[in-house]
*Asks:* 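Structure provided below as structure tokens; questions to follow.
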Amino acid sequence: MNAPKDNPLAPWQWPEPHWRSIVDRVRAGRALRPASWPGGARCAAALSFDSDHETNELREAGESIGRLSQGQYGNRQGVPRILEILKRHGVPASFFVPAVTALLYPDEQRRVAAEGHEIGIHGWIHERNSELPLAAERDLMLRSRDVLEKVSGQRPVGMRTPSWDFSPNTLALTREMGLEYDSSLMADLDCYELMLNGENTGVVELPVEWIRDDAVYFNMNRFAALRPYTPPEGVFDIFKREFDAAWKEGGLFQLTMHPHVSGYRSRIWILDELIQYMKGKGDVWFGTHAQVVRHATAHAA
Ligand SMILES: [Zn+2]
């Protein structure tokens, strides 16, 4: 029983089946929490980098040359600095890459793949996928996968939606494409099965959170009041505390950073020192998102 569209009811007037049907569209099912991680490690660290580059400007139909140059910084300085740190520590990570970024910088994607990292889908041009009609969303998801595979030589098995949100069709399309996982939703700290209208889909969610995203603390908008409000030391402290608790509980620590946000001299140390800290603590296994999802699925307690 849906509220009729021509005579919409206010949410407080909705009949129970209506609000239940909204909540049940996409739901967290069974938690996939392994007793331990590969090598018997008590904690897993899943580092990810969203290589948005110029697409943050392009998806708004923006043509600001200044903003586009900040995007290019992500390629020229951000990604190389990140890759150097990952290599020095011998740690794998996942890079979620819009197809337009991959087409602008194919060499970057080839290097990321060659250095042992995972490349995942992150939309076509960082479009607001949750607002797309079904046919357009399906077309862009398929084309994005094909571009990433062609450019990097690696067939993506996972996706992070550009808006960290789903349209009513996203989950069905993810299943239809045979992707193993999504990493855009926030219902848990552990991996979990995604349910569509009350039924298991076989698609695993590796949850993110804005709390563990650098952009939330560092973004600025020149023409609005938005300015970075947290010093780098404060961001490091939040990430470290998220990790410390994951380690204590024997769980998963997932992190998202952006090359064009954190790839600066005053910020990139956060990644370096965080990995150093995690390694110093010991008993931590570093995996790509795909590796974490596969282990969690195979060894769910
Ligand atoms: Zn993004």
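First listed ligand is number 1; within each ligand, the first listed atom is number 1.
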*Asks:* Would you mind naming the N, O or S atom of His126 nearest to the Zn ion (ligand 1)?
*Replies:* NE2
*Asks:* Please find the pair of heavy atoms, one from Arg212 and one from Gln254, that lie closest to each other, and give the distance.
*Replies:* NE-O, 2.6 Å
*Asks:* I'd like to know if the Zn ion (ligand 1) has an N/O/S atom from His122 within less than 2.8 Å of it, counting both backbone and side-chain atoms.
*Replies:* yes
*Asks:* Grab the two heavy atoms, one from Phe236 and one from Leu274, that are nearest each other, plus how far apart they are.
*Replies:* CE1-N, 3.6 Å
*Asks:* Does a donor on one side chain sit under 3.5 Å from an acceptor on the other, for Asp52 and His260?
*Replies:* no
*Asks:* Is the Zn ion (ligand 1) under 2.8 Å from any N, O or S atom of Asp52?
*Replies:* yes
*Asks:* Assess, by modelled atom type and distance only, whether the side chains of Asp50 and His126 contain a donor and an acceptor separated by less than 3.5 Å.
*Replies:* no
